[in-house]
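Below: the structure, in structure tokens.
Since this is a predicted model, take the numbers as computed values, not measurements. Residue numbering restarts at 1 for every chain, and letters A, B, ... go by the order of the sequence lines.
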Amino acid sequence: MVKEKMNIARVNRISEFDGQTVQLNGWVYNSRRSGKIGFLMLRDGFGIIQCIVAKNDVGEDKFEEFKKITQESSLSIVGEVVKNERAPGGFEIITADLTIHHISTDYPISPKEHGTDFLMNNRHLWLRSKRQHSILKVRHEIIKATRDFFDSHDFTLVDSPIFTSNAAEGSTTLFSTDYFEEQAYLSQTGQLYGEASAMAFGRHYNFGPTFRAEKSKTRRHLTEFWMVEPEIAFCEIEEDMEWAERLIHFIIKRVLENKRAELDILERDIPQLEEALKPFPRISYTEGVNMLKEGGIDFEWGDDFGAPHETFIAEKFEQPIIVHRFPAAIKAFYMKRDPENEKVVLGMDILAPEGYGEIVGGSERETRIDVLEERIAEEGLNQEDFDWFLDLRRFGSVPHSGFGMGIERVVAWICKLPHVRETIPFPRMMGRLRP
RNA sequence: UCCGGCAUAGCUCAGUUGGUUAGAGCAGUGGACUGUUAAUCCACGUGUCCGAGGUUCGAGUCCUCGUGCCGGAGCCA
């Protein structure tokens with residue numbers, strides 16, 4: 001039996017236990033035997049380490065027991081931590097004792113190749129694999145960096161509600177739900193509430209799930225995704241762009257500092273990612289249209305950029321770029337008109353390089369109540385639903401700006417994944433509600 | 001919603017111009033091996049060929065419809 005009061009080690013800190021006898025608790029990642037010696041790859045959630053199980057060390061009975069273990073069986077190992085160059089990771093455990101907690105039978109994910117649909121059906125188990133583990137560790141670092149960034153600049157996290165009565169952006173499809181005999185929608189953005197918070201706290205951010213019932217089947221779309229949305233009082237569009245750029249620089253630095261091993265497992269091209277630490281070029285929509293025309297692409301001023309247009313412009317740069325001042329007609333009602341050109345709004349999008357497209361969308365907000373009322377009517381939205389929002393322009397209206405950053409798209413880009421579905425533990429997409 | 005592709009063993013796939021008994025690798029089980037790195041070697045098994053209908057002497061293969069999945073467009077983060 002495994003002894004009580006043993007040093008319990010975690011694989012990520014195994015070097016601190018060099019030469020000591022420790023206990024490790026985990027699952028079998030893989031194992032192979034060669035007569036009287038076995039090699040057990042133990043996965044403890046913090047890492048994977050090789051454990052040597054030799055008949056001479058553990059005895060006849062324990063060795064017979066070891067022979068029974070299968071992939072993803074759970075067990076505890078007691079043994080000495082030793083340096084060994086032959087072991088992946090540089091350290092291995094010379095097993096003195098092992099206790100089996102549970103034997104797995106027919107674990108579906110073998111160490112060979114599988115299709116995405118099969119793996120997604122087994123997502124609850126797929127999370128145990130090295131690659132998925134690394135992606136979610138990077139996701140965690142990105143989220144933590146985001147929160148640290150805002151927290152360290154006096155932003156207050158103020159959560160926005162998930163159930164809402166109003167559509168903030170008329171064009172997008174909403175999930176509808178029955179709310180005590182009234183219709184409620186799942187939030188597609190926390191922004192309008194964020195504006196209320198900014199007037200109360202000066203600098204605000206919210207971070208939560210958002211829902212879009214778009215029937216999108218592309219590598220960039222989920223129906224449920226996480227978005228961080230800062231909103232800043234007394235902030236104009238140029239400063240808004242600065243905040244977004246500084247945030248992304250900060251995130252990249254932190255991932256490079258703390259998640260290098262994970263990026264290596266994902267075979268991420270590091271120098272290419274480091275390009276994102278350069279300043280972000282700022283291009284107006286009109287300049288973007290000219291770039292398309294010079295590139296021989298048929299495009300009319302006033303049309304919205306499609307994915308191919310975004311890609312065409314973004315591919316000219318190694319780092320993310322900021323596109324700003326879009327035609328008012330194609331953007332949301334709350335964006336402020338450019339005083340120098342009423343045809344455009346003070347909105348901005350950040351396009352990630354390497355074909356990842358839009359990761360940030362933001363704007364300076366319209367401060368004039370009459371303009372907002374007009375725009376709400378134009379969009380065919382219900383004025384009553386926005387009455388509380390319009391109060392923000394009745395009681396001390398000030399210039400303010402904000403943006404939303406999609407976490408999954410940032411994770412996909414930083415990890416250089418082919419699809420956003422692997423960036424979230426349990427993706428929700430059209431045709432995917434389980435597990 | 002629109003356009004294109006795919007569907008064969010638990011998994012990944014092959015399957016010729018339509019031809020008689022549908023195959024491989026991996027995983028699994030048993031055995032050999034004290035330094036393996038997705039170990040190797042020997043032995044053993046598995047099929048609603050996505051579903052329905054049609055053409056044909058004969059369909060995994062051809063046709064029609066349906067279903068599921070994948071990619072893209074639109075929309076967006």
Say you pick atom C1' in A9(B) and the same atom in A24(B); how far apart are they, in whole Å?
11 Å

Does a donor on one side chain sit under 3.5 Å from an acceptor on the other, for D151(A) and Y205(A)?
yes

Would you say the base of G35(B) stacks on F39(A) (centre-to-centre below 5.5 Å, plane angle below 30°)?
no

Please classify the nucleic acid contact of I52(A) as base, sugar-phosphate, or nothing, using heavy-atom distances under 4.0 Å.
base

Taking D44(A) first and then R10(A), would you say they form a salt bridge - that is, a charged N and a carboxylate O separated by under 4.0 Å?
no

Rounded distance in Å between the P positions of U61(B) and C49(B):
10 Å

Among C75(B), U34(B), G35(B), find the nucleotide with the atom closest to the side chain of K36(A).
U34(B)

Considering heavy-atom distances to RNA chain B, does K67(A) or N30(A) have its closest nucleotide positioned more toward the 5' end?
K67(A)

Of all heavy-atom pairs linking D303(A) and Y285(A), the shortest is O-OH, 2.5 Å

NA contact type, G306(A), heavy-atom cut-off 4.0 Å: base, sugar-phosphate, or nothing?
sugar-phosphate

Is there a donor in the side chain of R33(A) and an acceptor in the side chain of S31(A), or the other way round, less than 3.5 Å apart?
no

Between G25(B) and U40(B), how many Å separate the two P atoms, rounded to a whole number?
13 Å

Base of G35(B) paired with side chain of E85(A) (donor-acceptor, under 3.5 Å)
no

Please work out if D349(A) contacts a base, only the sugar-phosphate, or nothing of the nucleic acid, heavy-atom cut-off 4.0 Å.
nothing

Hey, which of these two, K331(A) or K130(A), hits RNA chain B nearer its 5' end, going by closest nucleotide?
K130(A)

Nearest whole angstrom, please: distance from the P of A32(B) to the CZ of R33(A).
9 Å

Under 3.5 Å side-chain donor-acceptor pair for E229(A) and T189(A):
yes

Under 3.5 Å, N/O pairs linking protein and nucleotides 68-72 of chain B:
residue	atom	partner	partner atom	Å
C69(B)	OP1	G431(A)	O	3.2
G71(B)	OP1	R421(A)	NH1	3.3
G71(B)	OP1	R421(A)	NH2	2.8
G71(B)	O3'	R219(A)	NH2	3.4
G72(B)	OP1	R219(A)	NE	2.1
G72(B)	OP1	R219(A)	NH2	2.7
G72(B)	OP2	R219(A)	N	3.1
G72(B)	N7	K217(A)	O	3.3

Distance, P atom - from C2(B) to C65(B), rounded to whole angstrom:
14 Å

Using atom C1' of each nucleotide, how far apart are U8(B) and A22(B) to the nearest Å?
8 Å

Between the base of U34(B) and the side chain of N56(A), is there a donor and acceptor pair under 3.5 angstrom?
yes

Contact list (N/O, under 3.5 angstrom) for nucleotides 8-11 of chain B vs protein:
residue	atom	partner	partner atom	Å
C11(B)	O2'	E113(A)	O	3.2
C11(B)	O2'	H114(A)	ND1	2.5

Any Lys/Arg nitrogen of R268(A) or E262(A) sitting under 4.0 Å from an Asp/Glu carboxylate oxygen of the other?
no

Separation between the C1' atoms of A59(B) and U20(B), rounded to whole Å:
13 Å

